[in-house]
2 protein chains.
Amino acid sequence: MPSTVEYENLLRDAELRVTQPRLAVLDAVYENPHADTNSIIETVRGDLPDVSHQAVYDVLKAFTDAGLVRHIQPPGSVARYESRVGDNHHHIVCRSCGAIADVDCAVGHAPCLSASNDHGFVIDEAEVVYRGLCPACATESSSAQSPRKESRV
Amino acid sequence: MPSTVEYENLLRDAELRVTQPRLAVLDAVYENPHADTNSIIETVRGDLPDVSHQAVYDVLKAFTDAGLVRHIQPPGSVARYESRVGDNHHHIVCRSCGAIADVDCAVGHAPCLSASNDHGFVIDEAEVVYRGLCPACATESSSAQSPRKESRV
DNA sequence: CTCTTAACTTGATTGATTCAAGAAAAGCGC
DNA sequence: GCGCTTTTCTTGAATCAATCAAGTTAAGAG
């Protein structure tokens, strides 16, 4: 949880003006990993009740362009944002509840960058989305041997 | 390009009723790899001008559930569909023009399934999205050495 | 040929995201 | 500190993929 001063420095280093909405959005993204835009808007309004949704959209776009936050788009979900940038990490999405967790690269160095047939494309990045069950949902579906109720999967 | 009879068999094998809209959608997906829903609707209407968009949505969902087609959601794009199913292949998306191509697994067997820290998730699939430049856009941006104009990347 | 059920049509609705125009305020130089 | 310029924010509307709902049609079983 960086301090306000640290947030201000982050903004200034990125050559972005320091404003209340921006500080609040930055804090919201740091405090809520993988939050969607709407959650961020609500979190921001906890501090600044009158911030417009448009401002948050604008700020998130500015942050993404500046590399301050990362914009991810898990299949079946709306846009989400995270503060962890600069490393090559991926995500796992729970099929059942949609929970998202960070996953470091399996192999130390960019793992899947070597495609077998790249069709002449110049590949510079590989993003991996793992699918599976989060601990809670996995426990639920495997331990719920009693067929009394449909386990929501 | 499978024949109509082959399409019919595909449908029957999947325990789906054979209808004109379904045959047309199936053909559209086979003929237009990675087409988005709207393109499919337009293609289908080339054969059957009065098909409703809702029918196409319904059919695509039924096909996806039955495993006849695969539903993909490249970041920054609407839903797309492809007929290549059953193998573990991935996609490369051009940053510049959005073109999509298939990419076989780098390593023969599910390449990135071994995450270093899975947070207790039970991982059963890994989908890789490669980002880069398609041959056309790569040529454009690298051969344009003259700095007269901003190369759009 | 009839019946049942799945599929399709029509029309409205949702909801994330974007667009547009004007008002506010950040940070510059003075 | 003070005004100026530019960016940022507010307000309000629009877009568009996707979904929902209710009624009609037609596929396939018997």
Side-chain angles (χ1 to χ4, degrees), chain A residues 4-5 7-28 34-45 47-66 68-69 71-81 98, chain B residues 4-5 7-28 34-45 47-66 68-69 71-81 98:
Chain A
T4 301
V5 174
Y7 287 141
E8 289 185 10
N9 288 334
L10 279 174
L11 291 175
R12 281 190 233 279
D13 288 350
E15 301 191 343
L16 293 170
R17 288 188 181 177
V18 177
T19 68
Q20 291 303 309
R22 287 182 170 183
L23 290 172
V25 169
L26 198 47
D27 185 56
H34 312 127
D36 60 41
T37 311
N38 209 51
S39 305
I40 295 173
I41 291 173
E42 285 176 14
T43 303
V44 165
R45 286 185 178 155
D47 289 330
L48 307 170
D50 294 330
V51 170
S52 64
H53 70 126
Q54 187 62 55
V56 176
Y57 273 97
D58 287 348
V59 169
L60 286 171
K61 180 171 191 323
F63 286 2
T64 303
D65 291 346
L68 276 183
V69 304
H71 171 264
I72 58 180
Q73 230 170 333
S77 166
V78 296
R80 290 167 181 274
Y81 295 87
Chain B
T4 301
V5 174
Y7 286 142
E8 288 185 12
N9 287 335
L10 279 173
L11 291 175
R12 282 190 232 279
D13 289 349
E15 300 191 345
L16 293 170
R17 290 189 182 176
V18 177
T19 69
Q20 290 302 310
R22 286 182 170 183
L23 290 171
V25 170
L26 198 47
D27 186 56
H34 314 126
D36 59 41
T37 310
N38 210 49
S39 306
I40 295 172
I41 292 174
E42 286 176 14
T43 302
V44 166
R45 287 186 178 154
D47 287 331
L48 307 170
D50 294 330
V51 170
S52 64
H53 70 125
Q54 187 62 55
V56 175
Y57 273 97
D58 286 349
V59 168
L60 286 171
K61 181 172 190 321
F63 285 3
T64 303
D65 290 346
L68 277 183
V69 305
H71 171 263
I72 58 180
Q73 231 170 333
S77 165
V78 295
R80 291 168 180 272
Y81 295 87

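Labels below follow one simple rule: chain letters A, B, ... track the order of the sequence lines, proteins then strands, and each chain is numbered from 1.
- A side chain to side chain donor-acceptor pair (under 3.5 Å) with K61(B) holds for exactly one of D65(B), D58(B), T64(B); it is D65(B).
- In this structure, R80(B) and H34(B) approach most closely via the heavy-atom pair NH1-O, 2.7 Å.
- Distance check: L60(A) CG to L26(A) CG gives 10.0 Å after rounding to the nearest 0.5 Å.
- Across the helix from dC1(C)-dG30(D) to dC30(C)-dG1(D), the helix axis at one end is tilted relative to the axis at the other end by 40° (nearest 10 degrees, each axis from five pairs).
- For the atom pair OG1 (T43(A)) and CG (D27(A)), the distance works out to 9.0 Å, reported to the nearest 0.5 Å.
- As a whole-Å value, the separation of L23(B) CG from dA26(D) P is 16 Å.
- Per the geometry, CG belonging to L48(A) stands 14 Å off C1' belonging to dA25(C), to the nearest Å.
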Heavy-atom contacts, protein to nucleotides 2-8 of chain C, under 4.0 Å, summarised as B (base), S (sugar-phosphate only) or - (none) per nt, yield ---BBSS

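- Evaluation of the side-chain hydrogen bond (donor to acceptor under 3.5 Å, both in side chains) rule for N9(A) yields no partner, not counting sequence neighbours.
- Nucleotide dG27(C) holds its C1' atom 14 Å from the CG atom of L11(A), rounded to whole Å.
- Residues satisfying the side chain to side chain contact (heavy atoms under 4.5 Å, CB included) test with V44(B), not counting sequence neighbours, are A24(B), V25(B), A28(B), I40(B), V51(B).
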*asked:* Between L68(A) and L16(A), does the side chain to side chain contact (heavy atoms under 4.5 Å, CB included) criterion hold? Intermediate values first, please.
replied: CA-CA 10 Å; L68(A) 276 183; L16(A) 293 170; 3.9 Å; yes

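- Under a 3.5 Å cut-off, the side chain of R22(B) and the backbone N or O of R17(B) do form a donor-acceptor pair.
- At whole-Å resolution of the value, CG in D47(A) and P in dC9(D) are 15 Å apart.
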In B/S/- notation (B base, S sugar-phosphate only, - none; protein heavy atoms under 4.0 Å), nucleotides 12-19 of chain D written 5' to 3' is B----SBB

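- Taking each heavy atom of A79(B) and H71(B) in turn, the nearest pair found is CB-NE2, 3.3 Å.
- Under the rule for a side chain to side chain contact (heavy atoms under 4.5 Å, CB included), the partners of V18(A) that lie at least two apart in sequence or sit in another chain are E8(A), L11(A), R12(A), L23(A).
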